[in-house]
Amino acid sequence: MSQADDDEPEPPPPRQTIELYGHGEAEHALLEAYRGGRLPHAWLIGGPAGIGKATLAYRMARFVLAYPDPRAPQVVTAKSLHVDADHPVTRRVAAQSQGDLLVLERTINEKTGKLRQDIQVDDVRRTVTFFGSTPGEGGWRLAIVDAVDELNREGANALLKVLEEPPRRALLLLVSHSAARVLPTIRSRCRLLGLRPLSAADVAAAAAAAVGESPDAARITAAAAVAEGSVRRALAFLDGDALDLRARIIALLERLPAVDPRALHALGDRLYGTDPATLAAFVDTVNAWLSARLTAAAPETARQARVAEAWEKVNRAAREVEIFNLERKPLVFNVFGWLAQVAP
């Protein structure tokens, strides 16, 4: 990647992101369920990576914590789940100091300095104590799992225990990049809220806000045009090298199930090294390809199961490469081998 990337401002994480782009219908569904007194205790917010699922989850969490009474005037008259940036709840959530909000996500391994492969089961088990303790000022306890896809089998079973016997005034917001991969026992205990990829205009607006530029800037519009509705992908594509790398990967994906070993060798050479951006661009482009096939496959079919299995293999192998600094060329060959098995 280019040297200019080092000067790019870091986009804020979802817990610090106030604005939501393009998901007004989903936001309205959450708002109406809350103020109507029909709020399910668990929501599974699904959709492709980088489109705003976690941002929506945090937005809902802030709103409930800021206005814990669904009959309050601020809730009754609300047009959205917006909470002002200077509200105490907004500040505490951004600083990770909100006592009534538990966030489950992959953590840093202190020995390696890198993200762990999975959300740790001991972290998931904290939900039992968390929901069993006395809530704070508003009486609500909320948990965000970002993402439920990153739970291993043991962690998923631990979460299931909480979902089976939810305490009063508890709300769990589960983020999933592929709801089809979530255990059916978890899925059946949640209200599914599916988010669609954003329009190019919304992607440009969100990406521009994240880096402090105009949505009409040439590089912003170019990245948004090929981001397939994902703000995360657009941010990764702001560097011209990433766009070229994406084009090469897509060209190989379009040939599947045919595989060109020489082209894969060349792609492996392109990914050589330890630059996290090139690995992320590779995995993200492959995940977009898999996501499209998961969406196209009929639910609960053998084909959907095969695609979901390929997704699991790809992402687990990529995490191992990242964590253990493994060679990337074998990853490229393995990934395209798995993809060839699920290609039309």
Side-chain angles (χ1 to χ4, degrees), residues 44-54 104-106 115-119 145-157 159 174-187 190 192-197 227-233 236 245-246 249-250 252-257 259 264 267 271 276 278-323 326 328 330-344:
L44 181 60
I45 305 176
I51 64 172
K53 301 184 301 297
L104 300 180
E105 56 191 355
R106 287 194 294 155
L115 280 174
R116 302 179 190 274
Q117 282 188 288
D118 304 304
I119 296 175
V145 184
D146 185 18
V148 70
D149 314 66
E150 293 165 350
L151 294 171
N152 58 28
R153 177 70 65 167
E154 193 176 5
N157 288 333
L159 180 63
L174 314 184
V175 173
S176 173
H177 306 314
S178 174
R181 296 176 53 241
V182 177
L183 285 178
T185 48
I186 289 180
R187 213 164 53 232
C190 300
L192 180 60
L193 185 62
L195 302 191
R196 297 178 179 178
E228 299 180 0
S230 169
V231 179
R232 179 188 301 176
R233 195 171 297 127
L245 178 59
R246 172 188 178 275
I249 297 168
I250 287 178
L252 293 175
L253 291 171
E254 290 176 344
R255 299 178 190 173
L256 289 170
V259 174
L264 295 184
L267 178 58
L271 297 180
T278 55
L279 180 61
F282 172 67
V283 175
D284 194 58
T285 304
V286 169
N287 278 341
W289 187 90
L290 284 168
S291 179
R293 275 141 191 83
L294 274 173
T295 302
E300 309 296 340
T301 62
R303 173 167 173 73
Q304 187 184 65
R306 289 196 302 272
V307 177
E309 182 181 5
W311 179 302
E312 181 67 30
K313 289 179 179 179
V314 167
N315 286 275
R316 181 168 294 277
R319 287 198 294 269
E320 290 177 353
V321 167
E322 179 184 12
I323 291 170
L326 303 178
R328 297 180 178 185
L331 172 68
V332 170
F333 275 84
N334 285 335
V335 165
F336 273 86
W338 295 326
L339 299 183
Q341 296 174 11
V342 298

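We count residues from 1, following the sequence as given.
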Donor-acceptor under 3.5 Å (R106 side chain, L115 main chain): no
For L195 and I45, what are the C-alpha separation, side-chain angles and deciding distance, and is it a side chain to side chain contact (heavy atoms under 4.5 Å, CB included)? CA-CA 7 Å; L195 302 191; I45 305 176; 4.0 Å; yes
Would you say the side chains of T278 and R328 form a donor-acceptor pair under 3.5 Å? yes
Looking only at heavy atoms, which two atoms of L279 and A318 are closest? And how far apart? CD2-O, 4.1 Å
In this structure, which one of V286, T285, L245 forms a side chain to side chain contact (heavy atoms under 4.5 Å, CB included) with I250? T285
Measuring from atom CG of N315 to atom OG of S178, what distance do you get when rounded to the nearest 0.5 angstrom? 9.5 Å
What closest approach, in Å, do R319 and D118 show between heavy atoms, and which atom pair accounts for it? NH2-OD1, 3.9 Å
Measuring only between side-chain heavy atoms, which start at C-beta, is L290 closer than 4.5 Å to V314? yes
salt_bridge(R246, E228) N-O dist < 4.0 Å: yes
For the student: nearest non-hydrogen atoms of V342 and R303, plus distance: O-NH1, 3.0 Å
Between I323 and Q117 the two heavy atoms that sit nearest each other are CD1-CG, 3.2 Å
Validation: residues 306-313 side-chain donor-acceptor distances under 3.5 Å, sequence neighbours left out:
{"residue": "E312", "atom": "OE1", "partner": "R181", "partner atom": "NH2", "Å": "2.4"}

Pairs under 3.5 angstrom only: tabulate donor-acceptor contacts from the side chains of residues 46-54 to other protein residues two or more places apart or in another chain.
{"residue": "K53", "atom": "NZ", "partner": "G47", "partner atom": "O", "Å": "3.1"}
{"residue": "K53", "atom": "NZ", "partner": "P48", "partner atom": "O", "Å": "2.6"}
{"residue": "K53", "atom": "NZ", "partner": "H177", "partner atom": "ND1", "Å": "3.1"}

Let me confirm one number: the CG-OG distance from D149 to S176, rounded to the nearest 0.5 Å. 3.5 Å
If you compare all heavy atoms of F282 against all heavy atoms of L267, which two are closest, and at what distance to 0.1 Å? CE1-CD2, 4.0 Å
What I'd like to find out is whether the side chain of V145 reaches to under 4.5 Å of the side chain of E105, using heavy atoms alone. no
Can you tell me how far CG of L264 sits from CZ of F333, rounded to the nearest 0.5 angstrom? 5.0 Å
Taking side-chain contact (heavy atoms from CB on, under 4.5 Å) as the test, write out the residues that go with L256, two or more places apart. L253, V259, W289, F336, L339, A340, A343
Between L192 and A179, which heavy-atom pair has the shortest distance, and what is it? CD1-CB, 4.1 Å
Rounded to the nearest 0.5 Å, what separates atom CD in E154 from atom CG in L159? 13.0 Å
CA sep, side-chain torsions, deciding dist, call: L326, L331, side chain to side chain contact (heavy atoms under 4.5 Å, CB included): CA-CA 9 Å; L326 303 178; L331 172 68; over 6 Å; no
